[in-house]
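Below is one structure; the comments refer to it alone.
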Amino acid sequence: MESTPAQLDNLAVNTIRFLAAEGVQKANSGHPGMPMGCAPIAYYLYAKEMKHNPANPKWLNRDRFVLSAGHGSMLLYSILHLTGYNLPMEQLKQFRQWNSITPGHPEFGVTDGVETTTGPLGQGFANAVGMAMAQAHLAAMFNKPDIKLLDHYIYGICSDGDLMEGVSHEAASLAGHLKLGKIIFFYDDNGITIDGETHLAFSENIELRFKAYGWHTEHISDVNDFGQIESALKKCQAQDKPSLIITKTHIGYGSPNKQDTESAHGSPLGTDEIKLTKQNLGWPYKEEFYIPEEVSALFSSLKKKYEEHEKKWNVMLSQYRVNYPQEAELFEKVMSGSHGTDWMNDLPVYKDDGKKLATRQASGNAINAIAKKLPALFGGSADLAPSNNTMMKGESGFSKDNYAGRNLHFGIREHAMGSLMNGMAYYGGLIVYGGTFLQFSDYLRPVLRLAALSHIKNIYIFTHDSIGLGEDGPTHQPVEHLASLRAIPGVTVIRPGDANETSAAWKAAILHKGGPVCLILSRQGMQILDQEIYPKADNLLKGAYILKDTSGKPDVILLASGSEVGLALDSLASLEKEGIKARVVSFPCWEFFEKQDQQYKDTVLPPDVKNRIVIEAGISMGWSKYAGDKGEFITIEKFGASAPEKVLMKEYGFAVENVVAKAKKLTGK
């Protein structure tokens with residue numbers, strides 16, 4: 001007998017539940033409870049609500065779905081498989097296994113249809129806010145009254161854990177302030193965490209919290225009631241503010257012994273319990289990973305609807321090209337990341353006029369020089385724009401009243417800033433930068449790691465890069481931070497040695513692909529390395545280069561980055577007076593240097609020149625690779641202090657006499 005529509009919906013939901021539970025069981029690892037409880041949400045969104053096309057997962061105007069509760073990844077994999085994304089059944093059976101495209105937590109770029117890398121709780125929630133900001137800005141740039149190229153929703157599921165994490169507070173606050181009405185999140189209110197019931201550590205009123213942030217809220221008392229889901233979504237879609245749908249679910253739904261218990265959260269149900277759950281839910285199929293024919297037919301019938309969404313949009317895009325040819329050309333360039341090369345010609349070139357210039361100022365100059373020719377440039381600071389020099393002059397601020405604004409005000413929310421930037425990068429089209437003090441990179445370190453893991457690029461402007469910031473003292477003086485950032489695989493760290501290298505660093509950052517870039521910039525003024533005297537600053541793209549050399553074989557090589565390059569140069573004359581021939585190597589980027597061939601590396605750092613001195617205002621960790629067995633270090637292995645810059649630098653050994661003493665010790669001269 002043919003099923004009624006309601007029966008077929010229930011069959012499809014249970015299919016998702018058992019695909020998820022059996023995937024976890026086969027892996028003997030994972031989280032079955034959340035997928036079983038939230039299966040109705042995923043089914044309703046993908047089958048009935050969302051505009052998407054599994055045949056083209058990157059269609060620009062698709063609705064996005066963010067599984068912030070990334071531990072429930074089998075929920076996402078199951079619905080992606082059923083709706084026709086490139087995720088074969090064999091991959092569901094290979095959940096959490098080597099070389100599968102179904103890793104334990106969703107990873108952007110690994111699985112078609114996965115919009116963000118999630119798992120560290122709170123990140124996906126904040127990424128969704130970043131996506132909404134990107135959509136709002138790009139829509140303001142390109143949408144017309146008669147043709148809206150970008151007009152879609154960002155849906156998601158978040159958990160108790162997501163909303164406990166501090167980053168969700170930061171992101172939700174800004175989302176409400178900006179009235180980002182394209183965000184609709186389901187809050188999986190199942191009352192259970194790993195430790196047990198949430199009341200052990202969590203008793204706040206989520207609805208009041210989000211209303212205070214400026215969000216619209218709805219309630220669903222029974223997630224299996226599609227009428228409630230439909231009603232809540234319609235009300236949320238009518239809002240001009242972000243929405244949270246507080247959804248009562250049961251973790252491990254249908255499991256006679258594990259529903260509503262912490263044991264359903266992060267452990268397989270067990271084969272016996274799965275059998276009991278099938279009986280309890282009236283699932284007559286004994287075969288594992290079984291998809292009833294009716295369910296297969298249902299999802300097959302949706303294929304035309306999915307494709308029709310994109311076809312209609314493509315017709316709209318064609319008309320846009322006719323009506324607005326210039327905007328259409330720019331739209332396609334921006335969304336494809338084709339920024340041309342004209343902007344490079346506008347990067348500032350500096351001559352040595354005897355004045356010093358902080359690299360944070362040179363960075364601001366670079367931003368403003370290229371902004372007009374890079375309309376995709378979009379960025380700001382965590383409430384430090386005047387110090388970070390991140391403001392695009394002549395451009396307005398991005399706000400709820402002006403989404404076209406290019407200057408972002410993240411507020412004092414470093415962690416959210418990074419997560420929002422990741423969300424924008426996931427969305428695509430924009431060149432996003434964000435600034436704070438290097439010391440506060442600690443607040444967003446998890447974000448950098450996820451960006452590197454996801455191979456997405458944002459540009460981080462980290463200023464006040466050493467004890468050289470002076471009187472603010474050790475709370476604001478980074479020491480271990482350079483090493484900490486360099487330790488993250490896939491993160492590119494550039495510490496330019498002057499204003500010209502800063503221009504080159506911006507060129508490198510914009511051209512870079514496949515991971516985040518950190519620009520490490522000084523507060524204090526630095527000598528200009530005139531390119532009529534010294535090698536071209538574009539050598540920065542090689543990571544390290546000979547800045548000034550001696551005749552013949554050097555007795556010692558001075559390796560320096562950032563503000564310490566000037567000290568290395570200042571030390572040359574004194575070394576020559578001591579009869580010591582020295583080479584100065586500017587070393588702004590380890591990652592770029594490692595990409596050079598061995599011949600080039602050996603030209604810069606000849607293997608037979610063992611006497612080397614590393615000069616950098618941070619810990620020495622990692623430098624031994626370049627310093628070699630005989631290397632000496634002028635670095636900082638303790639916290640800073642509160643005092644004027646010149647006093648600090650001298651007291652911490654960043655002085656010509658100390659460089660000379662180290663060189664004499666190495667060379668025996």
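For this chain, numbers begin at 1 and follow the sequence in order.
- Using a distance-only test at 3.5 Å, with no hydrogens or angles considered, no donor-acceptor pair links the side chain of R413 to the main chain of A171.
- Under the 3.5 Å distance criterion, the side-chain polar atoms of T359 are matched with a main-chain donor or acceptor of S522.
- In this structure, N368 contributes its side chain and K393 its backbone to a donor-acceptor pair below 3.5 Å.
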side-chain contact (heavy atoms from CB on, under 4.5 Å), that's the test. Do V604 and K542 meet it? Break it down for me. CA-CA 11 Å; V604 176; K542 298 177 182 177; over 6 Å; no
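- Checked by atom type and distance alone, the side chain of E591 never pairs as donor or acceptor with a backbone atom of G490 at under 3.5 Å.
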Are L444 and F462 close enough, and set up right, to give a side-chain contact (heavy atoms from CB on, under 4.5 Å), and what steps lead you there?
-> CA-CA 11 Å; L444 54 79; F462 292 136; 3.8 Å; yes
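- Applying the 6.0 Å contact sphere to NE2 of H169 captures more than 12 heavy atoms from other residues, nucleotides or ligands.
- One distance of note links CG of L605 with CG of L559; it measures 5.5 Å at 0.5 Å rounding.
- Counting heavy atoms from C-beta outward, V447 and Y460 have side chains that approach closer than 4.5 Å.
- Each of K665, K662, K664 was compared with E578 under the salt bridge (Lys or Arg N to Asp or Glu O under 4.0 Å) criterion, and only K664 meets it.
- Atom NZ of K601 is surrounded by more than 12 heavy atoms from other residues, nucleotides or ligands within 6.0 Å.
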After noting the C-alpha distance and the side-chain angles of Y534 and D498, does the key distance pass the side-chain contact (heavy atoms from CB on, under 4.5 Å) rule?
CA-CA 12 Å; Y534 296 101; D498 85 320; over 6 Å; no
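- The pair D608-K553 meets the salt-bridge criterion, with a side-chain N (NZ, NE, NH1 or NH2) lying under 4.0 Å from an Asp/Glu carboxylate O.
- The shortest distance between side-chain heavy atoms of L558 and V584 falls below 4.5 Å.
- At a threshold of 4.0 Å, the pair K581-D555 does not count as salt-bridged, since none of the basic side-chain nitrogens sits closer than that to a carboxylate oxygen.
- You'll find the side chain of S624 reaches within 4.5 Å of the side chain of F633, heavy atoms only.
- S454 has its side chain out of reach of N422: every pair of non-hydrogen atoms, C-beta onward, lies at least 4.5 Å apart.
- Here the CE atom belonging to M344 is positioned 9.0 Å from the CG atom belonging to D538, to the nearest 0.5 angstrom.
- A 4.5 Å side-chain heavy-atom check between V349 and N500 finds at least one atom pair inside the cut-off.
- When all heavy atoms are compared, the tightest approach of Y433 to T390 is OH-O, 2.7 Å.
- At least one donor-acceptor pair closer than 3.5 Å links the side chain of S441 to the backbone N or O of L438.
- In this structure, K179 is not positioned above the aromatic face of Y403 in the sense of NZ or CZ being under 6.0 Å from the six-membered ring centre and within 45° of the axis.
- Judged by distance alone, with hydrogens and angles left aside, the side-chain atoms of R360 form no donor-acceptor pair with the main-chain N or O of I461 at under 3.5 Å.
- Heavy atoms from other residues, nucleotides or ligands lying under 6.0 Å from NZ of K630 number more than 12.
- One finds the CG atom of D465 at 11.5 Å from the CG atom of L519 (value rounded to the nearest 0.5 Å).
- Across every non-hydrogen atom of T603 and I546, the tightest pair is O-CD1, 3.8 Å.
- Using a 4.5 Å cut-off on side-chain heavy atoms (C-beta onward), Q477 and L469 make contact.
- Using bins of under 30°, 30° to 60° and over 60° for the plane-to-plane angle, the ring pair Y626/F593 lands in the perpendicular bin.
- When H415, H476, H464, H481 are each tested for a ring pair (Phe, Tyr, Trp, His ring centres under 6.0 Å) with F440, only one passes: H476.
- Two residues are said to be in side-chain contact when any heavy atoms from C-beta on lie closer than 4.5 Å; L529 and V565 meet this criterion.
- Using a 4.5 Å cut-off on side-chain heavy atoms (C-beta onward), E564 and M649 make contact.
- Remark: the S561 side chain and the R495 side chain contain an N/O donor-acceptor pair separated by less than 3.5 Å.
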Start with the C-alpha distance between S620 and V614, add both sets of side-chain angles, then the distance that settles side-chain contact (heavy atoms from CB on, under 4.5 Å), and finish with yes or no. CA-CA 8 Å; S620 63; V614 170; over 6 Å; no
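- When every heavy atom of S68 is checked against every heavy atom of L121, the shortest pair comes out as O-CD2, 4.1 Å.
- L178 and S399 make their closest contact through CD2-CA, 3.9 Å (heavy atoms, listed as atom of the first residue, atom of the second, distance).
- In this structure, K513 NZ and T492 OG1 are separated by 13.5 Å, a value rounded to the nearest 0.5 Å.
- The shortest non-hydrogen separation linking E414 to T436 is CG-OG1, 3.7 Å.
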| Run the side-chain hydrogen bond (donor to acceptor under 3.5 Å, both in side chains) check on N365 and Y350 step by step: do they pass? | CA-CA 11 Å; N365 294 343; Y350 301 87; 3.0 Å; yes
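- Without hydrogens or angle criteria, N539 side chain to Y545 main chain gives no donor-acceptor distance under 3.5 Å.
- Looking at S419, its side chain never comes within 3.5 Å of a backbone N or O of Q123 through a donor-acceptor pair.
- Interatomic distance, OG of S642 versus CG of L648, reported as 7.5 Å (0.5 Å rounding).
- Counting non-hydrogen atoms of other residues, nucleotides and ligands closer than 6.0 Å to CG of D629 gives a total of 12 or fewer.
- Taken to the nearest 0.5 Å, the CG atom of L374 stands 4.5 Å off from the CD1 atom of I431.
- The backbone N or O of S484 lies less than 3.5 Å from a partner atom in the side chain of R445, making a donor-acceptor pair.
- Enclosure of atom CD in Q598 by more than 12 non-hydrogen atoms of other residues, nucleotides or ligands within 6.0 angstrom is indicated.
- Here the side chain of N407 pairs a donor or acceptor atom with the backbone of M392 at under 3.5 angstrom.
- The two atoms that bring F108 and E115 nearest to each other are CD1-O, 3.2 Å, heavy atoms only.
- Ring pair F654/Y652: centre-to-centre distance not below 6.0 Å.
- In K548, the NZ atom is not crowded: 12 or fewer heavy atoms of neighbouring residues, nucleotides or ligands sit closer than 6.0 Å.
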